Amino acid sequence: MSLQDGLSGRVWKPGLRLKSAGRGLLDLVFPPLALDKGPRPLSPGLSTEAWMKITFIDGPVCDGCGAPFEYALGPGARCVACEARPRAFSRARAACLYDETSRDPILQFKHADRQDLAPLFARWISRAADQLVEEADAIAPVPLHRGRLFTRRFNQAAEIARGLARLRGRTYLPDALVRRRATESQGGKSGSGRQRNVAGAFEVPPQRARQVAGRNILLVDDVLTTGATAQGCARALLAAGAARVDLAVVARVKAAATPS
């Protein structure tokens, strides 16, 4: 594994594989607990009761941002926001809504080292974004800056993207997209503030441009809020010659993302 691969996906540390293997053995001896403290699940994740509370997006959605529609408007229908100002990414899909039920497992995965949830989220995305995955030539994660990566130890988007690529037999591009400067957390910022925060933050290194040129790239992240981060990533991929960029996330806020 290259250093760049580590910077885009996971920081390599001695004993990481042993830790992963050990966790698997422990799961055999001590079955996983539900994140919501409900009855033991058959696999890492949620109890049946909590699972039923997840608002999965199964109905008609905006073909642009993936926001759920109350009723079907026909193939390719887009919401008013997407019609007014199309985004750099062509289409987006989310597995579920980001609410009080889905928020906890996502934050556990992101900040509490629950990397065992990555395969679960990859399966959620595989189902919700089936068409986008089928049409993708390669899958790339939203990158972390190396400073934050060394602090957090892994990139949650990369863990999901890696699992999704393996699940669906797609090329995985861990280092095609990099965050060239550190940015502040997007939390608490307005839509315009988020856009300013990530402006010019992403790029495709020249030596990686051939990996994306002329290809349909599926960008993967955990949560879609305003779409500012995905916009920045998509613009960088398109500037490097990508034919199209689509977006797939675990969860999205209920309100339609504001385009920029």
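If you're wondering where the values come from, they're calculated on a predicted model, not measured in any experiment. Along the sequence shown, the residues carry numbers beginning at 1. Heavy-atom basis, side chains included; hydrogens, waters and symmetry copies ignored.
Hydrophobic cluster membership of Leu167, counting Ile, Leu, Val, Met, Phe, Trp and Tyr whose side-chain heavy atoms lie under 4.5 Å apart directly or via other members: none, as it forms a cluster of its own.
Between Gln211 and Asp175, some side-chain heavy-atom pair lies under the 4.5 Å cut-off. Contact annotation: the side chain of Tyr98 approaches that of Ile106 to within less than 4.5 Å [non-hydrogen atoms, C-beta and beyond]. Between Val133 and Ser126, the closest side-chain pair of non-hydrogen atoms is not below 4.5 Å. Side-chain contact between Pro105 and Phe121 is present, with heavy atoms from C-beta onward closer than 4.5 Å. Phe109 places none of its side-chain heavy atoms less than 4.5 Å from the side chain of Leu120.
Taking CD from Gln108 and CG from Asp116, the interatomic distance works out to 9.5 Å, rounded to the nearest 0.5 Å. Interatomic distance, CG of Leu132 versus CG of Leu219, reported as 11.0 Å (0.5 Å rounding). Remark: Leu177 CG to Cys233 SG distance equals 4.5 Å, nearest 0.5 Å. Once rounded to the nearest 0.5 Å, the distance linking SG of Cys96 with CD1 of Ile125 reads 9.5 Å. Once rounded to the nearest 0.5 Å, the distance linking CG of Asp130 with CZ of Arg168 reads 4.5 Å. Taking CD from Gln156 and CD from Gln115, the interatomic distance works out to 10.5 Å, rounded to the nearest 0.5 Å.
Pairs passing the salt bridge (charged side-chain N to carboxylate O under 4.0 Å, His left out) check and including a residue from residues 211-221, sequence neighbours excluded, do not occur.
Scanning both residues, Ala236 and Val204, for their nearest heavy atoms gives O-CG2, 3.7 Å. Nearest heavy-atom pair across Ala176 and Val212 is CB-CG1, 3.9 Å. Across all non-hydrogen atoms, the minimal contact from Leu238 to Ala88 is CD1-O, 3.4 Å. When all heavy atoms are compared, the tightest approach of Phe154 to Glu159 is CD1-CG, 3.5 Å. Scanning all heavy atoms of the two residues, the minimum distance from Ala95 to Ala128 falls at CA-CB, 3.5 Å. Pairing each heavy atom of Pro141 with each of Leu173, the nearest pair is CD-O, 3.4 Å.
Under the side-chain contact (heavy atoms from CB on, under 4.5 Å) test applied with Leu218, the options Leu247, Val245, Leu164 reduce to a single match, Leu164.
Under the side-chain hydrogen bond (donor to acceptor under 3.5 Å, both in side chains) criterion, Arg78 pairs with no residue, sequence neighbours left out. Contacts of Thr171 classified as side-chain hydrogen bond (donor to acceptor under 3.5 Å, both in side chains), with partners at least two apart in sequence or in another chain: none. Listed by chain and residue number, nothing satisfies the side-chain hydrogen bond (donor to acceptor under 3.5 Å, both in side chains) test with Arg170 (two or more places apart in sequence, or in another chain).
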Anything under 3.5 Å between a donor and an acceptor, one on a side chain of residues 53-69, the other on a protein residue two or more places apart or in another chain? List them.
from  : atom 1 : to     : atom 2 : distance (Å)
Thr55 : OG1    : Asp99  : OD2    : 3.4
Asp58 : OD1    : Arg127 : NH1    : 2.7
Asp58 : OD1    : Arg127 : NH2    : 3.3
Asp63 : OD1    : Arg93  : NH2    : 2.7

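Under the 4.0 Å criterion applied to side-chain N and carboxylate O atoms, Arg103 and Glu100 are not assigned as salt-bridge partners.
Val249 and Leu97 are assigned to two separate hydrophobic clusters, defined by single-linkage of ILVMFWY side chains at heavy-atom distances under 4.5 Å.
Annotation: Glu134, atom CD; neighbour count of heavy atoms from other residues, nucleotides and ligands within 6.0 Å is above 12.
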